[in-house]
Q: 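Below: one structure in structure tokens.
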Amino acid sequence: MSGHHISSAKFLWGIAITLFFLTFVTVGVTWIEIPAPWNVVVAIGIAIVKALLVLLFFMNLYWDSKFNSLLFVFSIIFFLLLIGITLLDTMYRVDPVPSF
């Protein structure tokens, strides 16, 4: 890596205004009647976009080495693997018989 990237204040304010706008979009979506499974999908989609903006530009992952991006992706995959293992355990668990 040749040097550190320094973002301009104008660029960072643009990202911050975009994050505020997406926050208002998230609140606005709650007032729209979206069918049951899709309202959660829309809310999580907006949250993922906001998280990516923070990761890429405020945490400078966009300009950092690809190794750090790879570590981040593997940590997300590992987290999803642990959540999946937990869900497999809880979804197929037999309910205990009450003792009374």
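Since we're looking at a predicted model, the values are computed, not measured.
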Q: Under the side chain to side chain contact (heavy atoms under 4.5 Å, CB included) rule, what do S7 and W63 come out as? Steps first, then yes or no, please.
A: CA-CA 10 Å; S7 300; W63 294 284; 3.6 Å; yes
Q: For F67, I'd like to know if atom CZ has over 12 heavy atoms of other residues, nucleotides or ligands within 6.0 Å.
A: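 Counting neighbours around CZ of F67, 12 or fewer heavy atoms of other residues, nucleotides or ligands fall under 6.0 Å, so no.
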Q: Taking a hydrophobic cluster as the set of Ile, Leu, Val, Met, Phe, Trp and Tyr residues connected by side-chain heavy atoms closer than 4.5 Å, whether directly or through intermediates, do L70 and F79 fall within one such cluster?
A: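 In one cluster with L70: F79, no.
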Q: Within a reach of under 6.0 Å around CG of L82, are more than 12 heavy atoms found that belong to other residues, nucleotides or ligands?
A: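 Yes.
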Q: Before giving the answer on side chain to side chain contact (heavy atoms under 4.5 Å, CB included), spell out for F74 and L71 the whole-Å C-alpha distance, their side-chain angles and the decisive distance to 0.1 Å.
A: CA-CA 5 Å; F74 281 144; L71 285 178; 5.5 Å; no
Q: Answer with yes or no whether the hydrophobic clustering places W13 together with L53; edges join I, L, V, M, F, W, Y residues whose side-chain heavy atoms lie under 4.5 Å apart.
A: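 No; tracing contacts between hydrophobic side chains, which count when under 4.5 Å, never links both residues.
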Q: Do F21 and I32 belong to the same hydrophobic cluster, where Ile, Leu, Val, Met, Phe, Trp and Tyr are linked whenever their side-chain heavy atoms lie under 4.5 Å apart, directly or via other members?
A: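 Yes, same cluster.
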Q: Counting heavy atoms not belonging to F58, are there more than 12 under 6.0 Å from its CZ?
A: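 Yes - once you tally the heavy atoms of other residues, nucleotides and ligands closer than 6.0 Å, there are more than 12.
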Q: Going by the side chain to side chain contact (heavy atoms under 4.5 Å, CB included) test, name the single residue among T86, I85, L87 that passes it with I83.
A: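 Going through T86, I85, L87 one by one, the side chain to side chain contact (heavy atoms under 4.5 Å, CB included) with I83 is satisfied by L87 alone.
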Q: Mind checking what makes ring pair (Phe, Tyr, Trp, His ring centres under 6.0 Å) contact with Y62, not counting sequence neighbours?
A: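 With sequence neighbours excluded, Y62 shows a ring pair (Phe, Tyr, Trp, His ring centres under 6.0 Å) to F57, given in chain and number order.
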Q: Quick check for you: to the nearest 0.5 Å, what is the distance between L52 atom CG and M59 atom CE?
A: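 Between atom CG of L52 and atom CE of M59 there are 11.5 Å.
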Q: Taking only residues two or more places apart in sequence or in another chain, which ones pass side chain to side chain contact (heavy atoms under 4.5 Å, CB included) with I46?
A: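 I46 satisfies side chain to side chain contact (heavy atoms under 4.5 Å, CB included) with L22, V25, T26, V29, V42, K50 once adjacent residues are dropped.
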Q: Rounded to the nearest 0.5 Å, how far does CG of L12 lie from CG of L19?
A: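 L19 CG to L12 CG: 10.5 Å, rounded to 0.5 Å.
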Q: Under a single-linkage definition using a 4.5 Å side-chain heavy-atom cutoff for Ile, Leu, Val, Met, Phe, Trp and Tyr, are I15 and F20 assigned to the same hydrophobic cluster?
A: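 Not linked; separate clusters.
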Q: Distance check, rounded to the nearest 0.5 Å: N60 atom CG versus I6 atom CD1?
A: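 With rounding to 0.5 Å, CG (N60) is 9.5 Å from CD1 (I6).
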Q: Do D64 and S69 have side chains that get closer than 4.5 Å, going by heavy atoms?
A: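 Answer no - side chains too far apart.
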